[in-house]
Amino acid sequence: MPSSLRCPVCRQQLISTDSGASCTSGHSFDRARQGYLNLLPSHKKRSANPGDSADMVQARTRFLDTNLYQAPASVLEQAVKNSTAGKTNPVVVDAGCGEGYYTARLANVLPNASIVGFDISKVAVQRCCHRSTNSTKTQWLVASVADIPLLDNSTDLIVSVFSRVDWQEFARLLKPGGQILILGPGPDHLLELRQAIYEDVRSYPEDKLLEKLPESFELTKKDTVSDELYVKGKQTIMDLLAMTPHFWHIKPAQREKLEQLEKLNCQLDMRLYTITYQSSGL
Ligand SMILES: C[S@@+](CC[C@H](N)C(=O)[O-])C[C@H]1O[C@@H](n2cnc3c(N)ncnc32)[C@H](O)[C@@H]1O
Ligand SMILES: [Zn+2]
């Protein structure tokens, strides 16, 4: 376990124990049988089961395991290698890691890194544990991006894939010169899926994420990741829907229409932002 974990109650360092982890004030956290630590105190939860539900997690796993998202995964692998080049034992954190598809791939290409993957959804983190192999040991946590149970100035690289960004927490975690890799939608991401659902479809605004970029961060690089997706079969189309916010907004009639489709040709249009932390100026 990396020594950079901190107690979610008193914020002191957590030390590994036989059964999990504890701090010197006596707060202790048992390791679940699957291998993760739950560092999300119940009083900080807004609902009983925050984050993605079991059905959404299963859909994500089924979809990602088709490897239709091979292009962004490969681009991200290369980017994490570039960002950690020359570092002996970098600490790499996947914030909002979902069911661990990208985290596991990062662990494979960064054998000398200490990898932490966390998500607020317990069922997602339970799935993550299936993605670990002995050669790619990752510390999986149930935790929120709003209060990350890692020490200040402990992290070399934060990866955030279609997940919430908390600039203040990211600044607290990162070492000076540390980086964030953010993968998110470009203007025409999954355009044809949206057209199959809604009457009136517009492109997303480009670079919305950068509007709130604090001064202590600098955009170092921006890459476009694009591909043509040939999504075959009703199940895979509905799984793709479950990975998007449209899953929440879709009306029953729109859903029924989508369920009729046997195949969908669709654009993958993503942006990968490499952002460097300069100093604490938040
Ligand atoms: C769109 S999914 C992306 C998951 C993963 N990065 C991927 O691309 O496969 C967003 C994830 O953020 C998680 N999430 C939502 N709110 C969160 C929070 N406050 N802290 C940590 N994770 C959160 C959800 O449970 C979900 O797994
Ligand atoms: Zn404590």
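These values consider heavy atoms only, across backbone and side chains, with no hydrogens, waters or symmetry-generated copies. In listed order, ligands and their atoms are each counted from 1.
A salt bridge links K175 with D156: at least one charged nitrogen is closer than 4.0 Å to a carboxylate oxygen. Under 4.0 Å is where a charged nitrogen must lie from a carboxylate oxygen, and between R11 and D147 at least one such pair does.
If you count the protein N, O or S atoms nearer to the Zn ion (ligand 2) than 2.8 Å, you get 4.
Nearest-residue assignment for atom 14 (N) of ligand 1 (options V123, T103, D52, I120; heavy-atom criterion): I120. Heavy-atom proximity to atom 6 (N) of ligand 1, evaluated over G98, P72, G96, is greatest for G96.
For V57, no heavy-atom contact with ligand 1 is shorter than 4.0 Å. Contacts of S144 with ligand 1, taken as heavy-atom pairs under 4.0 Å, involve both backbone and side chain. Contacts between C97 and ligand 1, counted as non-hydrogen atom pairs separated by less than 4.0 Å, involve the backbone only. Heavy atoms of E99 found under 4.0 angstrom from ligand 1: none, in either backbone or side chain.
Geometrically, ligand 1 and D119 share a nitrogen or oxygen pair separated by less than 3.5 Å.
Ring geometry for F162 versus H189: interplanar angle of 30 to 60°, hence tilted.
In summary, the atoms of ligand 1 found under 4.0 Å from a heavy atom of S121, numbered by their order in the structure, are 25 (O).
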